[in-house]
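Any value given below was found using the heavy atoms of this structure, including those in side chains, with hydrogens, waters and symmetry copies removed. Index from 1, following the sequence.
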Amino acid sequence: MKILFVCSSNICRSPFCEYVFRDMVEKDPELKKRVDGVASAAVFNRMKRIHPMARTALLREGFDEAYIDSHRPSFKWGDRKLFDDADLIVGMSRANKIVLPLRYHRKFVTLSEYGEGRYEKIPDPFLMKNVDDYLAVMDFLKAKIVSFAEKIKSLPCD
């Protein structure tokens, strides 16, 4: 299964999901059996680099600075292949689906609905004015990634 995480700009939530979930896949044999690729992209804004506070959150997770800094936000119109190749497009809110072309709607799920069976919007940390509030959103997001990973592990293996 190829997983594509999406958010508005691919500078906070979706790259955090990409990095954290990819790391989980690399370390967990059960996930590795089920996941063939992990990526992230934007559905709305075109940006140039990861948000500085997302960088802080990823450093706090133990990721290498050079690895974090290598992230270049992907945008749907420039990286349509990511969307075509994805088996599952995972959004942070239902609003992410609205801006997707209709052909991708069948692949779209929200992170919370897929992982926990109920919808819970992941707030946009970009809107947080201080680092503590930002990191609190990222902690909330990480809990949703863990639930998502558990759901993926429960799927039958081919």
**Q** Taking the side chain as C-beta and beyond, is there a heavy-atom pair between I89 and N96 under 4.5 Å?
**A**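 No, their side chains stay 4.5 Å or more apart.
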**Q** Hey, are the side chains of I152 and M1 touching, using non-hydrogen atoms and a 4.5 Å cut-off?
**A**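 They are in side-chain contact.
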**Q** Has H105 got a side-chain atom pairing as donor or acceptor with K97's backbone, closer than 3.5 angstrom?
**A**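 Checked: pair present.
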**Q** Checking K153 now: which residues fulfil side-chain contact (heavy atoms from CB on, under 4.5 Å) with it, not counting sequence neighbours?
**A**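 Scan of K153 (side-chain contact (heavy atoms from CB on, under 4.5 Å), adjacent residues dropped) gives D28, E30, L31, E150.
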**Q** Could K151 and Y114 be counted as a cation-pi pair, given that NZ or CZ must be under 6.0 Å from the ring centre and within 45° of the axis?
**A**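 Because its charged atom sits under 6.0 Å from the ring centre and within 45° of the axis, K151 does stack over Y114.
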**Q** Do Y104 side-chain atoms and F83 backbone N/O form a donor-acceptor pair below 3.5 Å?
**A**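 Checked: no pair found.
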**Q** Between T110 and S93, is any pair of side-chain heavy atoms under 4.5 Å apart?
**A**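 Not touching, per the 4.5 Å side-chain cut-off.
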**Q** To check you understand the geometry: which heavy-atom pair defines the closest contact between S40 and N10, and what is its length?
**A**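 Heavy atoms only, the tightest pair is OG-ND2, 2.8 Å.
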**Q** Is there a side chain to side chain contact (heavy atoms under 4.5 Å, CB included) between M24 and V146 once you walk through the steps?
**A** CA-CA 9 Å; M24 293 170 87; V146 169; 4.1 Å; yes
**Q** Can you find a pair of side-chain heavy atoms, one from F16 and one from E61, that are under 4.5 Å apart?
**A**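 The answer is yes, as the side chains (C-beta and beyond) meet within the 4.5 Å cut-off.
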**Q** Return yes if a side-chain donor-acceptor contact under 3.5 Å exists between S112 and E120, otherwise no.
**A**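 No, E120 and S112 have no side-chain donor paired with an acceptor closer than 3.5 Å.
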**Q** Ring-plane angle category for Y19 and F63, please: parallel below 30°, perpendicular beyond 60°, tilted otherwise.
**A**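 Y19 and F63: perpendicular rings.
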**Q** Quick one: does NZ or CZ of R13 land under 6.0 Å from the six-membered ring centre of F5, within 45 degrees of the ring axis?
**A**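 Here R13 fails the 6.0 Å and 45° test against F5.
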**Q** Before you tell me yes or no, could you show the steps for E116 and K144 under salt bridge (charged side-chain N to carboxylate O under 4.0 Å, His left out), namely the whole-Å CA-CA distance, both residues' side-chain angles and the distance that decides it to 0.1 Å?
**A** CA-CA 8 Å; E116 299 174 348; K144 299 301 178 199; 2.7 Å; yes
**Q** Above 12 or not: heavy atoms from other molecules or residues under 6.0 Å from NZ of K107?
**A**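 Yes, NZ of K107 has more than 12 neighbouring heavy atoms, counting only those of other groups under 6.0 Å.
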**Q** Is any NZ, NE, NH1 or NH2 atom of the basic residue among K129 and D133 found under 4.0 Å from an Asp or Glu carboxylate oxygen of the other?
**A**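 Result for this pair is no, no salt bridge flagged.
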**Q** Might you work through the salt bridge (charged side-chain N to carboxylate O under 4.0 Å, His left out) test for R60 and D139, ending with a clear yes or no?
**A** CA-CA 11 Å; R60 186 180 70 156; D139 290 341; 2.4 Å; yes
**Q** Using every non-hydrogen atom in the two residues, find where L111 and C17 come nearest and quote the distance to one decimal.
**A**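 It is CD2-SG, 4.2 Å.
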